[in-house]
2 protein chains.
Amino acid sequence: MRAADELKHAALEQFATVGFAGTSLQHIADEAGYAKSSVLYHFASKEALLEAAIEPAVAGFEDVLAVFLAGRGGRSDARRRELVDRVVDLLLEHREAVHVFLTQGQSLSGLPVIDRANVAVRRLAAAVCEERESVDDQVRFGIAIGGAAFLLTAGRTFADESTLPTDDELRDALRRIIADILTPARTPSN
Amino acid sequence: MRAADELKHAALEQFATVGFAGTSLQHIADEAGYAKSSVLYHFASKEALLEAAIEPAVAGFEDVLAVFLAGRGGRSDARRRELVDRVVDLLLEHREAVHVFLTQGQSLSGLPVIDRANVAVRRLAAAVCEERESVDDQVRFGIAIGGAAFLLTAGRTFADESTLPTDDELRDALRRIIADILTPARTPSN
DNA sequence: ACGCTAGTTGACCGATCGGTCAGAGTCTGC
DNA sequence: GCAGACTCTGACCGATCGGTCAACTAGCGT
């Protein structure tokens, strides 16, 4: 069962950097040290490989969301902050899958796992924004999640001037700043 | 000269939605109503077409940046806010080019126009963040620009629940929120 | 009428794409 | 020893890729 994992890992890395359409099965196989045929032995198709590669990430978000929604502690600010923390953890843990979903999700819609991820994100937005549905809140949520995902992957291109921060530094900063973005001024000032 | 513009427009749209590698010259030609050979008559190669398509956007950012850096008014908060406003305008005007650059820039590095865009973004970050180079400031800048770009393109996938906001609404919200994100609490609290 | 240039196109090229298939190697239980 | 399942692979398929090229058309100055 090691081969399938190696292939998933290699595939995810390529999908995140070169894009799904820009990645060939041959290249994935070469990267993982197998023949192209072996890839199609473990996964029925290129799309099935993508699904298998990002499914754990989607499942993770669904779990965190389910825990939040089932929690009996209401939707206090503390609980919402806890949700943000766990989401940030998932963003860091599955950064490649998140990047693939956010940057190529629209061209990949139709794949079951992508549709699952879409409803998960919508429910996440609803949980974070509560019933407040102003344009500002939508924009804040979009910037927070899109920005975080961008920062974790593409952002490295021009953020490494001196020394790029540790994952732990990044995690702390993201937790603080995203919570900051999502809760503008608890009592509106504009 | 109309044909070249039509092809650039069609190409940019495809590059933004399906990705550069995932877009075929044949599809671009079909979309614009020409033959594949015509595309390669107007542009030396697929890469040259990409460069021509996103060059105006890069030039726009370079101009705005040059105006800001050459301005004799120092770097007051008001001037920095004006810079943010103009950058937001450019993000809206060239949203497809911005999307292509931010989501595929790393796999497209090497193309002259992409490298130009990279240095422009770095200088923009320096101009906005001033000499403050803490992890937080870098994260805030990354989230702001990445989030805005994400919101303008991919974000539409799951933001259109009811009615997605007007461009003008979006512009106002972005100006306010991005300025907000980049200037956390004028005097640091951490 | 002429030649010249710009624009457009279909035919064609080698390479590579995702995917199929018939084996070959390896290990197990009998 | 042997049967069977599991894993892996090279050869091969039709389709499509980016790119080349010669030919055709339309306009324009002379």
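A quick note: this is a predicted structure, and the numbers were derived from the prediction, not measured. Below, read A as the first sequence line, B as the second, and so on, with proteins coming before strands; counting in each chain starts at 1.
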Going by atom type alone, with no hydrogens or angles, which donor-acceptor pairs under 3.5 Å involve a side-chain atom of residues 55-67 of chain A and a protein atom two or more places apart or on another chain?
from, atom 1, to, atom 2, distance (Å)
A:Glu55, OE2, A:Arg116, NH1, 3.2
A:Glu55, OE2, A:Arg116, NH2, 3.3
A:Glu62, OE1, A:Arg116, NH2, 2.7
A:Glu62, OE2, A:Arg116, NE, 3.1

Results of side-chain contact (heavy atoms from CB on, under 4.5 Å) for B:Tyr41 - residues two or more places apart only: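 Residues passing side-chain contact (heavy atoms from CB on, under 4.5 Å) with B:Tyr41: none at all.
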Pairs where residues 141-150 of chain A contributes a residue and the test salt bridge (Lys or Arg N to Asp or Glu O under 4.0 Å) is met, not counting sequence neighbours: none
Those residues that, when tested against A:Lys46, pass salt bridge (charged side-chain N to carboxylate O under 4.0 Å, His left out) (two or more places apart):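 For A:Lys46 there are no salt bridge (charged side-chain N to carboxylate O under 4.0 Å, His left out) partners, ignoring immediate neighbours.
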Can you give me the N/O atom pairs linking the protein to nucleotides 18-22 of chain C at distances under 3.5 Å, or say none if there are none?
from, atom 1, to, atom 2, distance (Å)
C:dG18, OP1, A:Thr23, O, 3.1
C:dG18, OP1, A:Lys46, NZ, 2.9
C:dG18, OP2, A:Leu25, N, 2.9
C:dG18, N7, A:Lys36, NZ, 3.1
C:dG18, O6, A:Lys36, NZ, 3.4
C:dG19, OP2, A:Lys46, N, 2.8
C:dG19, O6, A:Lys36, NZ, 2.7

Between C:dT5 (P) and B:Tyr41 (OH): distance, integer Å: 12 Å
Distance, rounded to the nearest Å, where B:Asp30 contributes CG and D:dT16 contributes P: 12 Å
Phosphate-side-chain proximity, A:His42 and D:dC8, N/O vs OP1/OP2 below 4.0 Å: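 Checking A:His42 against D:dC8: at least one side-chain N or O falls below 4.0 Å of OP1 or OP2.
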All pairs passing ring-ring contact (aromatic ring centres under 6.0 Å, His included) where residues 3-30 of chain B contributes a residue, at least two apart: B:Phe15-B:Phe20
